[in-house]
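Scroll down for the structure; my scribbles are underneath it.
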Amino acid sequence: MKLNEAQESAVTFVSGPCLVLAGAGSGKTRVITNKIAHLVRNCDMPARYIAAVTFTNKAAREMKERVAQTLGKPEARGLKVSTFHTLGLTIIKAHVKDLGLKPGFSLFDDKDSLSLLTDLTRETLDGDKDQLSLLQSCISNWKNDLILPDALLKQAQSTGEREFAEAYKRYQDNLKAYNALDFDDLILLPTLLLKTSETVRAKWQNKIRYLLVDEYQDTNRPQYLFARFLAEEHHNICVVGDDDQSIYAWRGADIRNILDFEADYPNATVVRLEQNYRSTQVILDAGNAVIRNNAGRKGKELWTDRGGGEKIRLKKCPDEAEEARWIAGVAQDFKRGRTN
């Protein structure tokens, strides 16, 4: 399938920072894979100098497979396509000593972390599941805000705040004693290392000379800094996202990262992917009318060349359970061929 004009612009622009505002169903993954192929084939950029990061292992696998199909395995050799956490782990493994770790360190999952916190707080929380869950969540949020235990202890004012800060410090000390990391450390540690070590930063800026970031609207503070440190030497960064689809604030995503991209990179080029290949214009008109009222957005209008489309039906449900039942019923009707 041939690229449309906006997709072509996004693919072929390679001379600096680029923000691709990709509406739903506008072919953003196709743009990323074709851009990587363009860099390798037409811009003399070896694949080993290119990194593309996204948020799930499934998305990373699919992207890597599509690039391999487009380029061929020999040309794609050395290309880094992964999640933020996998790339972070790669950097950690390359700088174990710099981080005060030993080779063969362990990775704690949520269950391991909760078990450790339970042991460390027997005298203070006495196994209170709600408080333990809150403490685990707080520690994750602190790490995603780049707040370390010593800094938190200085900020603590109430007895409860100090108890949680002390638990955070004991938790980190014990992780180090176990030669272990948790999931949030996979972003926190490489970000802090890139920030504080000019040598490490220069090494990875040389290894990654073109960086592509998918779902940029879902990045949190450490991920934003992670990408910025890697790109600050060459300024070859292309971020793809949709400011109208930011729904992960509850896990630390910061919509300002995409809204302020042009402030971070004043010479950035912005490309809007507005042609939708998934829905009818009836659906898009309704979506545009709703989203147009959002505050704090870059602005775009999705359209399609697909004609027709049924009128939208409005159903008012008393609660989410009834809503789910109604939607399931509509889906069953479609499956059986009944559309009225």
Side-chain angles (χ1 to χ4, degrees), residues 53-57 83-89 91-92 99-101 105-196 215-229 246-260 296:
V53 291
T54 187
F55 280 84
T56 67
N57 289 318
T83 63
F84 271 103
H85 291 86
T86 299
L87 181 57
L89 180 59
I91 294 176
I92 290 170
L99 292 166
L101 295 166
F105 58 85
S106 302
L107 286 177
F108 276 27
D109 60 19
D110 285 345
K111 186 177 179 181
D112 296 325
S113 297
L114 186 59
S115 178
L116 177 57
L117 287 171
T118 302
D119 290 340
L120 294 174
T121 60
R122 288 196 184 281
E123 294 183 4
T124 54
L125 299 184
D126 192 29
D128 186 319
K129 291 184 179 180
D130 290 338
Q131 285 296 296
L132 282 166
S133 179
L134 176 61
L135 174 59
Q136 186 177 32
S137 178
C138 284
I139 289 175
S140 179
N141 289 337
W142 289 325
K143 290 188 177 188
N144 285 326
D145 286 335
L146 299 175
I147 301 174
L148 298 178
D150 289 341
L152 191 68
L153 280 166
K154 291 179 181 178
Q155 298 172 13
Q157 296 180 353
S158 69
T159 301
E161 288 176 351
R162 185 160 191 84
E163 285 180 354
F164 267 37
E166 288 173 346
Y168 179 24
K169 182 169 177 56
R170 290 197 302 273
Y171 173 74
Q172 286 301 100
D173 289 344
N174 275 265
L175 281 180
K176 187 172 183 179
Y178 284 123
N179 194 37
L181 304 174
D182 65 18
F183 191 65
D184 293 312
D185 287 330
L186 300 184
I187 301 296
L188 174 70
L189 294 185
T191 300
L192 293 177
L193 188 59
L194 290 168
K195 179 181 179 180
T196 58
E215 305 291 2
Y216 192 67
Q217 78 278 356
D218 291 332
T219 53
N220 60 22
R221 178 68 177 172
Q223 290 162 341
Y224 158 80
L225 289 173
F226 191 5
R228 183 154 188 177
F229 290 141
S246 181
I247 58 173
Y248 290 109
W250 57 271
R251 71 179 186 192
D254 191 342
I255 188 63
R256 291 174 299 179
N257 294 345
I258 193 168
L259 295 179
D260 294 345

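Numbers for residues simply follow the sequence, beginning at 1. What you see below is based on every heavy atom in this structure, not just the backbone, and it leaves out hydrogens, waters and symmetry mates.
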Can you find a heavy atom in the side chain of Leu116 that is under 4.5 Å from one in the side chain of Asp182? no

side-chain contact (heavy atoms from CB on, under 4.5 Å) assessment of Ile92 paired with Phe105: CA-CA 10 Å; Ile92 290 170; Phe105 58 85; 3.7 Å; yes

One should read off an interatomic distance between Leu225 CG and Thr191 OG1, to the nearest 0.5 angstrom, of 6.5 Å

Nearest-0.5 Å distance that lies between atom CD in Gln172 and atom CZ in Arg170: 12.5 Å

Taking the six-membered ring for Trp, are Phe108 and Tyr178 parallel (under 30°), tilted (30 to 60°) or perpendicular (over 60°)? tilted

Can we say Arg256 and Asp254 salt-bridge, meaning some charged N sits less than 4.0 Å from an Asp/Glu carboxylate O? yes

Taken to the nearest 0.5 Å, the spacing of Phe226 CZ from Asn220 CG works out to 11.5 Å

Once rounded to the nearest 0.5 Å, what's the spacing between atom CD of Gln131 and atom CG of Leu117? 12.5 Å

Are the side chains of Gln223 and Phe55 in touch, meaning some heavy atoms are under 4.5 Å apart? yes

Is a donor from one side chain sitting under 3.5 angstrom from an acceptor on the other, for Asn257 and Thr219? yes

Under a 3.5 Å threshold, yes or no: a donor from one side chain and an acceptor from the other, between Thr83 and Thr86? yes

Paired with Phe164, the side-chain contact (heavy atoms from CB on, under 4.5 Å) test is passed by just one of Leu152, Thr121, Leu135, Thr124, namely Leu135

Determine whether the side chains of Gln157 and Gln155 contain a donor N or O and an acceptor N or O closer than 3.5 Å. no

Measure the CD1-CG distance between Ile147 and Leu153 for me, rounded to the nearest 0.5 Å. 12.0 Å

Without swapping roles, check the side chain of Gln217 against the backbone of Ile258 for a donor-acceptor pair under 3.5 Å. no

To check you understand the geometry: which heavy-atom pair defines the closest contact between Leu146 and Arg221, and what is its length? CD1-CG, 4.2 Å

Looking at CG of Leu148 and CG of Leu188, how far apart are the two atoms once the value is rounded to the nearest 0.5 Å? 6.0 Å

Can any side-chain N or O of Ser137 pair as donor or acceptor with the backbone N or O of Ser133 at less than 3.5 Å? no

How close do Ser113 and Tyr171 get, heavy atom to heavy atom, and via which atoms? OG-OH, 2.9 Å

On a heavy-atom basis, the closest approach of Gln136 and Asp110 is NE2-O, 3.0 Å

Charged N to carboxylate O below 4.0 Å: is that the case for Lys143 and Asp185? yes

Can you spot which of Ile91, Asp184, Leu89, Leu181 makes a side-chain contact (heavy atoms from CB on, under 4.5 Å) with Leu189? Leu181

